[in-house]
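Remarks on the structure that follows.
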Amino acid sequence: MVSENFVRCTTRIDQKDDSFWGRVVSTNLGAVHYSLVEYSASGSYEIFRSARQIRQDETDEYLLELQMGGSAVVLNQDGRQADFDNGDFGLLDVTRPSHLVCAPQSSVRAVTVTFPRHLLPIRVDNVRPLTAVRIPGKHGMGQLVSNFLVGLSDSLESDPVEGSDGVRLSTALLDLLAVAFARQLERESDVPPESHRGALLTRIYAFIDEQLDDPDLSPQQIASAHHISTRYLHKLFEPEETTVVEWIRTRRLEQCRRHLVDPGQRSQPVSVIAARWGFRDPSYFSRLFRATYGIPPREYRILHFGPEAFRPVTSMP
C-alpha cells in the first residue's frame, strides 16, 4: 500500500502479534498527492528506499512528512536524522536513499505529501541540506504550513476537494513551503515574488479565520497585523475576484451556516450564532443569509432538522 500510494520502497514491521492496523486516505490536489496516514503496531515499523529501488522507479519527487499525533517519527537521509514532535514536519528527496522509522509500541497519525521537485521554486541543490531536517510546527512559517496541512486532513474525508479548488490549494501549499524552506536556509531572496505573495495571502486568510468573531475586524486591522499598507492589502485581493470585506463576510456566513446545522448547536438561537461570528444586527444577518443561500437562516435550520429544531432540548433523567 505504501509503495502504491507514494514511492517504491521496502517496509519492515517487527510485529509481536496480529494487532497491526493501518489506513491511507489520499487525494490529488493538482500535481500534489496528499495523504492522511494512520497506523498502530506493537513492534517497530520502518520504510526503506534503496538505490536499486530509485533506479527502478525513476521518480523525481519530494516527500513531506508531518506528524499529527502518536509516537515520534524519525526521518533519515544523507547522514542526517530528524525526530518529530506533533506538528513538526520534514522533507525527503526520493531520488536518494532514505529511511523512515517508528519505535515499537507506536501509534501514528501523519500527513504525507508528495510532489514533483520542479514545483518547489527553489533550486534542488539549495534544498538538499534541508532533507531529513526537522521544521518546527509551533511557530513562524512552520506553524502556518503545519496548520494548513492539518486543516486539509480534517476535511479530506467529509468534504473532498476537486478540480480547480485542488489546484488552488496545491499552489498555496507550495508557496508556503517555498517561503518556509527559504527562511530555514536564509535564502528568501531566491523565492519568486509570486510565491511570497501567495504565502502572504495564505497567512492573511488564516488570520481572518482566527479573528472572525471580532465584529470590528477591518482591512486596516488586517494590514497592520501583517505590516503592510491597506492599499497593498486590497491589491493582494484583486486577482482573487473578491474584496477583503467581501471575503470576511463570506467566511462569517459559512461559519454561521455550519453552526446552524450542527446538532451540538441546536439549542442556540439563530441570533446567538450570528453574534458569535461577528454579526451584531440579527435583521441584517437574516437578510444577508437569505441573499446568499436563497432561504432565511431559521428556515434553513428547519430544512435540515425539521420543526423539532426549535423545540427545547431536554436531558434524560
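Sparse packing is recorded around CD of Glu4, with 12 or fewer heavy atoms of other residues, nucleotides or ligands lying under 6.0 Å away.
Taking 4.0 Å as the cut-off between side-chain N and carboxylate O, Arg252 and Asp213 do not count as a salt-bridged pair. Ionic pairing of Arg128 and Asp93 is not present here: no N-O contact between side-chain nitrogen and carboxylate oxygen is shorter than 4.0 angstrom. Between Glu254 and Arg257 a salt bridge is recorded (basic side-chain N to carboxylate O distance below 4.0 Å).
Contacts of Phe148 classified as ring-ring contact (aromatic ring centres under 6.0 Å, His included), with partners at least two apart in sequence or in another chain: none. Residues satisfying the salt bridge (charged side-chain N to carboxylate O under 4.0 Å, His left out) test with Arg8, not counting sequence neighbours, are none.
The distance from atom OG of Ser218 to atom CD1 of Ile222, rounded to the nearest 0.5 Å, is 6.5 Å.
The shortest side-chain heavy-atom distance between Asp57 and Arg52 does not fall under the 4.5 Å cut-off. Using a 4.5 Å heavy-atom cutoff, the side chains of Arg276 and Gln255 are not in contact. Two residues are said to be in side-chain contact when any heavy atoms from C-beta on lie closer than 4.5 Å; Arg231 and Lys235 fail this criterion. Within the 4.5 Å cutoff, side-chain heavy atoms of Ile204 are placed close to those of Leu200. No side-chain heavy atom of Leu92 sits less than 4.5 Å from a side-chain heavy atom of Tyr62. When side chains are defined from C-beta on, Leu253 does not count as touching Trp277, because their heavy atoms never get closer than 4.5 Å. Put simply, the side chain of Leu169 reaches to within 4.5 Å of the side chain of Leu152, judged on heavy atoms. Thr114 is not listed as a side-chain neighbour of Thr59, based on a closest heavy-atom distance of 4.5 Å or more.
Side chain of Arg23 to main chain of Tyr39: no donor-acceptor pair is present (N/O by atom type, distance under 3.5 Å, no hydrogens or angles). Side chain of Thr112 to backbone of Ser35: no donor-acceptor contact under 3.5 angstrom is found. For the pair Ser146 (side chain) and Gly142 (backbone), a donor-acceptor distance under 3.5 Å is absent. Checking side-chain atoms of Ser170 against main-chain N and O of Val167 turns up a donor-acceptor pair under 3.5 Å. Of the possible polar contacts, one joining the Gln77 side chain to the Arg96 backbone as a donor-acceptor pair under 3.5 Å is found. Checked by atom type and distance alone, the side chain of Asn5 pairs as donor or acceptor with a backbone atom of Met1 at under 3.5 Å. In this structure, Tyr34 contributes its side chain and Leu149 its backbone to a donor-acceptor pair below 3.5 Å. Side chain of Arg109 to backbone of Gly69: no donor-acceptor contact under 3.5 angstrom is found.
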| query | Yes or no on salt bridge (charged side-chain N to carboxylate O under 4.0 Å, His left out) for Arg134 and Asp83, after CA distance, side-chain angles and deciding distance? | reply | CA-CA 7 Å; Arg134 170 179 168 267; Asp83 298 71; over 6 Å; no
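Between Thr230 and Gln220, the side chains place no donor N or O within less than 3.5 Å of an acceptor N or O (distance only, hydrogens not considered). In this structure, a donor-acceptor pair under 3.5 Å is present between the side chains of Asn86 and Gln67. Inspection of the His259 and Gln268 side chains reveals no N or O donor paired with an N or O acceptor under 3.5 Å. With 3.5 Å as the limit, one finds a donor-acceptor pair spanning the side chains of Thr10 and Gln53.
Taking the six-membered ring where tryptophan is involved, the planes of Tyr293 and Tyr300 are tilted, since the angle between them lies from 30° to 60°. Using cut-offs of 30° and 60° for the angle between ring planes, the His33 and Phe6 rings count as perpendicular. Ring geometry for Tyr45 against Phe20 counts as tilted: the plane angle lies between 30° and 60°, on a 0 to 90° scale. Classification of the Phe207-His226 ring pair by plane angle, with boundaries at 30° and 60°, yields perpendicular.
Linking ILVMFWY residues whenever their side-chain heavy atoms come closer than 4.5 Å, directly or via other members, places Val127 and Leu176 in the same cluster.
Residue pairs meeting the salt bridge (charged side-chain N to carboxylate O under 4.0 Å, His left out) criterion with at least one member in residues 278-297, sequence neighbours excluded, are Asp216-Arg280.
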